[in-house]
Amino acid sequence: MEDTAIHKFDFALINEYFAGLERQGPGSPEATIRALGFIGNLSNEAKIADLGCGTGSQTMVLAQNTKGTITALDLFPGSIDKLNVNAEKLGLQNRVKGVAGSMDNLPFQNDEFELIWSEGAIANIGFEKGLNYWKDFLKKDGYIAITYESWFTAERPAEIEKWWVEAVPEIGTIGHNISIMQETGYVPVAAFTLPEKCWIDNYFIPQKTRQEEFLKKYAGDKTVETFIGFLRREAELYAKYKQYYGYVFYIGKKYK
Ligand SMILES: C[S@@+](CC[C@H](N)C(=O)[O-])C[C@H]1O[C@@H](n2cnc3c(N)ncnc32)[C@H](O)[C@@H]1O
């Protein structure tokens, strides 16, 4: 198939597919815990927001490794229902609450949170825009921790450049993204790349069975075939070009 971007597919289709997976983007409990290690002490009263939480794999890790309360928000209500069921199963329902909503129109108060978390989701509203907008909801000295698609090198082959610029027009290098973080009012505290395992073992491999299930359920549906073709191409391109890009965890502290 031709290169395209995931946001060109139907929202309901994307979400039905991803809600059937434990993770909806690359990541791991180890990476979430490593990022948490850069954040100052969070008390029992600390309030945390997890934006673009999906079904909440990182939300549960956050809850198990902090003492405060977490509000997890995602546009897709189906993912939020799953997250709330998972929180209940793990006995975390008193500290974790999933709400449906959009990360560019947050139902929160200014200065409400000690920590804003977001894995694999900020590109949906834009890195700079998200950092700027979300800052108002953080208390002074509050922290932000986000993963975001980033270039590892100053240059890369045209094929992968085209793919990512279509998917994430703002995509930049790690240095560029750290500068944006600083310019939007945060002290950059740390940045680290997510290991390949986060993509291959936790994102691409679990999708193989899901893709077979989906093709069977929607046999003959051209849109579904194109969608699965897109996802398979994403995995092939990662195998071919993974030295040029990946997700980076950016951790910052609000200073203004
Ligand atoms: C790549 S997934 C990451 C999910 C999860 N954080 C993870 O790492 O497994 C991106 C998530 O962002 C959500 N999303 C996209 N646009 C959004 C918006 N405007 N507001 C809130 N969530 C949004 C999607 O529904 C999806 O769950």
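Residue numbers start at 1 and run along the sequence shown. Order of listing sets the numbers, starting from 1, for every ligand and every atom in it.
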Checklist entry - Can we call the ring centroids of Trp164 and Tyr241 under 6.0 Å apart? => result no

Checklist outcome for this item: heavy-atom search around atom 9 (O) of ligand 1 in the protein gives Gln24 N, 3.0 Å

Checklist entry - Which of the atoms in ligand 1, numbered in the order shown and given with their element, are less than 4.0 Å from a heavy-atom of Asn124? => result 12 (O), 14 (N), 15 (C), 16 (N)

Next on the checklist: Can you report which non-hydrogen protein atom sits closest to atom 7 (C) of ligand 1, along with the distance?
Outcome noted: Gln58 OE1, 3.2 Å

Item to check | Any residue meeting salt bridge (charged side-chain N to carboxylate O under 4.0 Å, His left out) with Glu212, in chain and number order, not counting sequence neighbours | outcome: Arg232

Checklist entry - Got a salt bridge between Arg210 and Glu213, using NZ or NE/NH1/NH2 to carboxylate O under 4.0 Å? => result yes

Checklist entry - Are Ile39 and Ile70 linked, directly or through other ILVMFWY residues, by side chains that come within less than 4.5 angstrom of each other? => result yes

Next on the checklist: Does the residue Ser79 have a heavy-atom contact with ligand 1, meaning some pair of atoms that are separated by less than 4.0 Å?
Outcome noted: no

Checklist entry - With a cut-off of 6.0 Å (strictly less than), are more than 12 heavy atoms of other residues, nucleotides or ligands near CD of Gln109? => result no

Checklist outcome for this item: The protein heavy atom nearest to atom 13 (C) of ligand 1 is Asp74 OD2, 3.3 Å

Checklist outcome for this item: Heavy-atom proximity to atom 4 (C) of ligand 1, picking from Gly52, Gly120, Gly56, points to Gly52

Item to check | Residue of the set Phe127, Phe38, Tyr186 for which ring pair (Phe, Tyr, Trp, His ring centres under 6.0 Å) holds with Tyr250 | outcome: Phe127

Next on the checklist: Taking a cutoff of less than 4.0 Å between a non-hydrogen atom of the residue and any ligand atom, is Gly101 in contact with ligand 1?
Outcome noted: yes

Checklist entry - By number and element, which atoms of ligand 1 are closer than 4.0 Å to a non-hydrogen atom of Asn15? => result 25 (O)

Checklist outcome for this item: Within 4.0 Å of some non-hydrogen atom of Arg23, the atoms of ligand 1 are 7 (C), 8 (O), 9 (O)

Item to check | Over 12 foreign heavy atoms within 6.0 Å of NZ, Lys139 | outcome: yes

Item to check | Arg34 to Phe192, cation-pi by 6.0 Å centre distance and 45° axis angle | outcome: yes

Checklist entry - What part of Ser118 sits under 4.0 Å from ligand 1 if we count only heavy atoms: the side chain, the backbone, both or neither? => result neither

Checklist outcome for this item: protein heavy-atom neighbour closest to atom 23 (C) of ligand 1 works out as Met103 CE, 3.3 Å

Item to check | Heavy atom of the protein closest to atom 3 (C) of ligand 1 (residue, atom name, distance) | outcome: Glu119 O, 3.5 Å

Checklist entry - Got more than 12 heavy atoms from elsewhere within 6.0 Å of CD, Gln93? => result yes

Checklist outcome for this item: for atom 19 (N) of ligand 1, nearest protein heavy atom and its distance come out as Ser102 OG, 3.1 Å

Checklist entry - When the ring centroid of Phe230 is compared with that of Trp163, is the distance short of 6.0 Å? => result yes

Checklist entry - Of the protein's non-hydrogen atoms, which lies at the shortest distance from atom 22 (N) of ligand 1, and what is that distance? => result Leu75 N, 3.2 Å

Checklist entry - Between Thr147 and ligand 1, which part of the residue brings a heavy atom under 4.0 Å of the ligand: side chain, backbone, both or neither? => result neither

